[in-house]
Amino acid sequence: MLVYPSSIDLCSRTLRFLTGQLTARRQEIGTRWRRLPAARQALLTLAHLRCGDTYAQLAAGFDIGIATVYRYIREAVEALAEAMKTIRTKAFVMLDGTLLPIDRIAADTPYYSGKHKRHGRNVQILTDPFGRLLWASPALPGSTHDLTAARQHGIIADAELKCWADKAYQGAGGPVRVPFRGRRLKRWKRRHNTTHVKIRCLGERAMATIKGWRLLRKLRCSTNRITDVVKAVLVLHHASV
C-alpha cells in the first residue's frame, strides 16, 4: 500500500488539547507502554473525525494494526465525551435539528427519515445568538420528528431556556419561539416571521460547522457510538476556537 503525507484543517491547539486528555487518561489507568505516544494517537483520532479516514487508511499511515486503530479511536472518543459540558447560560439560544447519515439498509425502518429520504440519526443542536455551538443532544433514530426529539431531551420542558426555532417545532409552546405558518398571513405576522428569520439565520452556521467534520457526513460505526462521536466533535470544536 502506498502512503503519502497529508494535512488536517485544524489548529495545533486542538491537537494539544486532545493530547492532554489522552495523557491524563493514560496516567489514570496506569498505562506503561503503547505502540503510539499520546500525541500520535491524538493525530490519528483527528484524521478520522475531521477527514473521515478509514481504519485501513490510518493503519497503513501510522504503521499499526486495524484493531489497534479501532481501540485508539474509541478510547479518544470516550475520553472526549466525558469532557463535554452542557452550556445553558445565554439569554437565549437557537434550536435546530440535523440528520447524520448512516449506512443502513431499507429494512432498518426506525433509522429512515421520511423528510430527508435517507437513513440517519437525529441530533438536536443548541447555539448561541452568534451561531456558535453550545450543546448537542444524544442521537435518536432518524425517523424521530424534531419536536418529539426536543421533548425527549427536555429542551421544551426547561422554562429557563428560551429558544428560537423553525417551523418544525410548531406546537412546542413554552420557551420555544417559532414563526407563523400559512400563505395569507396578516402584516404583523409577516413582520414577525421576517424578524424571526433574521435572528435564526446566524444559527445556520452551526450546521455548517458540524458537517465540517467529514466523518459526520456518512457514519459507518455502530449506531450506539454516534452520541459519543458527536460529543467528541463538539469538545474538539470548543478546544479549537
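Quick caveat: nothing in here was measured; it's all calculated off a predicted structure.
Applying the ring pair (Phe, Tyr, Trp, His ring centres under 6.0 Å) test to residues at least two apart or on different chains, none of the pairs has a partner in residues 213-232. Applying the ring pair (Phe, Tyr, Trp, His ring centres under 6.0 Å) test to residues at least two apart or on different chains, the pairs with a partner in residues 167-188 are Phe180-Trp188, Phe180-His192.
In this structure, Ala47 and Leu58 approach most closely via the heavy-atom pair CB-CD2, 3.8 Å. Considering all non-hydrogen atoms of both residues, Ile29 and Arg34 come closest at CD1-NH2, 3.9 Å. Contact record, Asn122 with Ala149: OD1-CB, 3.7 Å, taken as the closest heavy-atom pair. A pairwise comparison of heavy atoms in Pro141 and Pro110 identifies CB-O, 3.0 Å as the closest pair. Heavy atoms only, all atoms of each residue included: Arg190 and Leu185 are closest at NH1-O, 2.6 Å.
We find the CD1-CZ distance between Ile8 and Arg214 to be 9.5 Å, quoted to the nearest 0.5 Å. Atom-to-atom distance recorded for Gln124:CD and Cys163:SG is 10.0 Å, nearest 0.5 angstrom. Rounding to the nearest 0.5 Å gives a distance of 13.5 Å between OG1 of Thr98 and CZ of Arg121. The CZ atom of Arg181 lies 7.0 Å from the NZ atom of Lys167; values are rounded to the nearest 0.5 Å. Interatomic distance, CD1 of Ile73 versus CG of Leu46, reported as 10.0 Å (0.5 Å rounding). To the nearest 0.5 Å, atoms CG (Leu43) and CZ (Phe62) are separated by 4.0 Å.
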**Item:** side-chain contact (heavy atoms from CB on, under 4.5 Å) between Leu44 and Leu36, worked out
**Value:** CA-CA 10 Å; Leu44 179 149; Leu36 295 181; 4.1 Å; yes

**Request:** Test side-chain hydrogen bond (donor to acceptor under 3.5 Å, both in side chains) on Thr195 and Arg191 and set out the steps.
**Result:** CA-CA 6 Å; Thr195 304; Arg191 288 199 300 266; over 6 Å; no

**Asked** Do Lys211 and Leu100 pass the side-chain contact (heavy atoms from CB on, under 4.5 Å) test, and can you show the C-alpha distance, the side-chain angles, and the key distance before you say yes or no?
**Response** CA-CA 9 Å; Lys211 297 304 173 64; Leu100 302 181; 3.9 Å; yes

**Prompt:** For Lys231 and Val235, what are the C-alpha separation, side-chain angles and deciding distance, and is it a side-chain contact (heavy atoms from CB on, under 4.5 Å)?
**Reply:** CA-CA 6 Å; Lys231 289 180 180 179; Val235 172; 5.5 Å; no

**Request:** Before giving the answer on side-chain contact (heavy atoms from CB on, under 4.5 Å), spell out for Thr23 and Thr19 the whole-Å C-alpha distance, their side-chain angles and the decisive distance to 0.1 Å.
**Result:** CA-CA 6 Å; Thr23 300; Thr19 300; 4.0 Å; yes

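Between Val178 and Asp166 the shortest side-chain heavy-atom distance does not fall below 4.5 Å. Residues Ile226 and Cys221 are in side-chain contact: their nearest non-hydrogen atoms beyond the backbone lie under 4.5 Å apart. Annotation: side chain of Leu18 is not in contact with side chain of Thr14 (no heavy-atom distance under 4.5 Å).
The main-chain N or O of Leu147 is found under 3.5 Å from a side-chain atom of His145 such that the two form a donor-acceptor pair. In this structure a side-chain-to-backbone donor-acceptor pair under 3.5 Å is present from Lys117 to Gly114. Not one N or O on the side chain of Thr68 forms a donor-acceptor pair closer than 3.5 Å with the backbone of Ile64. Although no hydrogens or angles enter the test, the distance criterion places a donor-acceptor pair under 3.5 Å between the side chain of His196 and the main chain of Ala165. Checking side-chain atoms of Ser222 against main-chain N and O of Asn224 turns up a donor-acceptor pair under 3.5 Å. Between the side chain of His119 and the backbone N or O of Tyr112 there is no donor-acceptor pair closer than 3.5 Å. In this structure, Arg220 contributes its side chain and Asp103 its backbone to no donor-acceptor pair below 3.5 Å. Proximity of a side-chain donor or acceptor of Thr227 to a complementary backbone N or O of Ala139 within less than 3.5 Å is detected.
Dense packing is recorded around CZ of Arg217, with more than 12 heavy atoms of other residues, nucleotides or ligands lying under 6.0 Å away. Asp63 CG: 12 or fewer foreign heavy atoms inside a 6.0 Å radius. Crowding of Lys115 atom NZ: a count of heavy atoms from other residues, nucleotides or ligands under 6.0 Å not exceeding 12.
One side chain, Arg16 or Ser12, offers a donor N or O that lies under 3.5 Å from an acceptor on the other. Side chain to side chain, Gln41 and Arg26 meet the donor-acceptor criterion of an N or O pair below 3.5 Å.
Residue Leu140 is not grouped with residue Tyr111 when hydrophobic side chains (ILVMFWY) are merged at heavy-atom distances under 4.5 angstrom, including chains of intermediate members. Cluster annotation: Val93 and Val197 are assigned to distinct hydrophobic clusters (Ile/Leu/Val/Met/Phe/Trp/Tyr, side-chain heavy-atom contacts under 4.5 Å, transitive). Taking hydrophobic clusters as Ile, Leu, Val, Met, Phe, Trp and Tyr residues chained together by side-chain heavy-atom distances below 4.5 Å, Leu216 does not share a cluster with Leu99.
Between Trp164 and the options Ile199, Leu95, Thr127, a side-chain contact (heavy atoms from CB on, under 4.5 Å) holds for only Ile199. A side-chain contact (heavy atoms from CB on, under 4.5 Å) with Leu133 is found for one member of Asp128, Leu126, Val233, Thr209 and no other, namely Thr209.
A salt bridge links Arg74 to Glu78: one of the charged nitrogens lies within less than 4.0 Å of a carboxylate oxygen.
Arg35 is linked by a salt bridge (Lys or Arg N to Asp or Glu O under 4.0 Å) to nothing, counting only residues two or more places apart in sequence or in another chain.
Note on ring orientation: taking the six-membered ring where Trp is involved, the planes of Tyr70 and Tyr55 are perpendicular (angle over 60°, cut-offs 30° and 60°).
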